[in-house]
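Read through the structure below, which is laid out as structure tokens, and then see the notes.
This structure is a prediction, so every number in the text was calculated from the model and none was measured.
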Amino acid sequence: MNKPIQQSIANIALVIADYDDAIAFYTQKLQFKLVEDTDLGAGKRWVQLSPPNSTGANLLLAKASNEQQLQSVGNQAGGRVFLFLHTNDFWRDYEFMQQQGVEFTEQPRTEQYGTVAVFKDLYGTKWDLLQPAAN
């Protein structure tokens with residue numbers, strides 16, 4: 001008997017310029033948990049971060065190692081929103097992030113799918129902070 005396909009995305013790689021700066025931003029300003037930080041030698045590390053109480057994919061920080069990769073830092077989706085951070089309390093997280101100096105590029109708005117606002121990480125990568133609408 002064949003097993004049904006069961007897959008999941010475990011990590012989303014985010015190209016960054018500096019491990020420690022990125023870890024500080026995500027853990028302090030977004031309250032992410034540092035899941036793992038393992039030195040792999042030659043300046044390379046395996047760094048995984050997770051939003052609070054998340055059971056989904058982790059963010060895997062990947063330090064740019066050449067000029068081509070460095071050019072993609074902050075622009076991994078060609079200027080579009082790249083990542084979507086879901087929350088169960090939009091206003092709590094929005095206000096906390098504002099107090100931490102996180103840059104929002106727009107005022108919060110209500111859409112059919114929920115309450116949302118776009119923000120930038122320390123390198124300019126665009127994210128949605130989103131509280132999905134109740135079904």
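- Closest approach of Ala13 to Gln76, counting heavy atoms only: O-OE1, 3.9 Å.
- Under the 4.5 Å side-chain heavy-atom criterion for Ile, Leu, Val, Met, Phe, Trp and Tyr, Leu49 and Trp46 are members of distinct hydrophobic clusters.
- Within the model, atoms CH2 of Trp91 and CG of Leu129 stand 9.5 Å from one another, a figure rounded to the nearest 0.5 Å.
- Once rounded to the nearest 0.5 Å, the distance linking CD of Gln131 with CG of Asn88 reads 7.0 Å.
- Within a 6.0 Å sphere centred on CZ of Arg80, other residues, nucleotides and ligands contribute 12 heavy atoms or fewer.
- The heavy-atom pair separating Ala117 from Pro108 by the smallest distance is CB-CA, 3.9 Å.
- When atom types are taken as modelled, the side chain of Lys63 and the backbone of Val15 share no donor-acceptor pair closer than 3.5 angstrom.
- Within the 3.5 Å criterion, the main-chain N or O of Gln100 finds a donor-acceptor partner in the side chain of Lys29.
- Side-chain contact check for Asp121 versus Phe25: some heavy-atom pair is nearer than 4.5 Å.
- Considering only heavy atoms from C-beta on, Glu36 stays 4.5 Å or farther from Val47 through its side chain.
- For Glu103 (side chain) and Lys120 (main-chain N/O), no donor-acceptor pair under 3.5 Å exists by modelled atom type.
- For the residue pair Gln69 / Ser65, a side-chain donor-acceptor distance below 3.5 Å is found, with atom types taken as modelled.
- Under the 4.5 Å side-chain heavy-atom criterion for Ile, Leu, Val, Met, Phe, Trp and Tyr, Leu122 and Leu70 are members of the same hydrophobic cluster.
- Counted by atom type alone, Tyr123 and Asp21 present zero donor-acceptor pairs between their side chains at under 3.5 Å.
- Note that the CG atom of Leu83 and the CD1 atom of Ile12 stand 6.5 Å from one another [nearest 0.5 Å].
- Without hydrogens or angle criteria, Ser54 side chain to Gly56 main chain gives a donor-acceptor distance under 3.5 Å.
- The closest donor-acceptor contact from the side chain of Gln48 to the backbone of Leu60 lies at 3.5 Å or more, if one exists at all.
- Trp127 has its side chain out of reach of Val118: every pair of non-hydrogen atoms, C-beta onward, lies at least 4.5 Å apart.
- Heavy-atom contacts from other residues, nucleotides or ligands closer than 6.0 Å to CD of Gln68 number 12 or fewer.
- At most 12 non-hydrogen atoms from other residues, nucleotides or ligands lie less than 6.0 angstrom from CG of Asn53.
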Residue pair Tyr94, Phe104: steps toward the side chain to side chain contact (heavy atoms under 4.5 Å, CB included) verdict: CA-CA 9 Å; Tyr94 175 78; Phe104 282 85; 3.5 Å; yes

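- Hydrophobic cluster membership differs between Tyr19 and Val35, with clusters built from Ile, Leu, Val, Met, Phe, Trp and Tyr side chains linked at under 4.5 angstrom.
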Candidate pair Arg45 and Thr38, rule side chain to side chain contact (heavy atoms under 4.5 Å, CB included), full reasoning: CA-CA 5 Å; Arg45 290 157 61 181; Thr38 302; over 6 Å; no

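- Using modelled atom types, no side-chain atom of Tyr113 and backbone atom of Ala133 make a donor-acceptor pair closer than 3.5 Å.
- Summarising the geometry, atom OG1 belonging to Thr87 is positioned 11.5 Å from atom CG belonging to Leu30; distances are rounded to the nearest 0.5 Å.
- The main-chain N or O of Leu130 is never found under 3.5 Å from a side-chain atom of Asp128 such that the two would form a donor-acceptor pair.
- Contact check for Leu61 versus Ile23: side-chain heavy atoms found under the 4.5 Å cut-off.
- In this structure, CD on Gln7 lies 6.0 Å from CD1 on Ile5, to the nearest 0.5 angstrom.
- Using modelled atom types, one side-chain atom of Asp39 and one backbone atom of Gly41 make a donor-acceptor pair closer than 3.5 Å.
- Taking 4.5 Å as the limit, some side-chain heavy atom of Pro51 sits within range of a side-chain heavy atom of Leu85.
- The closest side-chain heavy-atom distance from Pro132 to His86 is below 4.5 Å.
- Hydrophobic clustering, with ILVMFWY side chains joined whenever heavy atoms are under 4.5 angstrom apart, keeps Met97 apart from Phe84.
- For the atom pair Tyr26 OH and Ile16 CD1, the distance stands at 8.5 Å (nearest 0.5 Å).
- Linking Ile, Leu, Val, Met, Phe, Trp and Tyr whenever their side-chain heavy atoms come within less than 4.5 Å puts Phe82 and Ile9 in one cluster.
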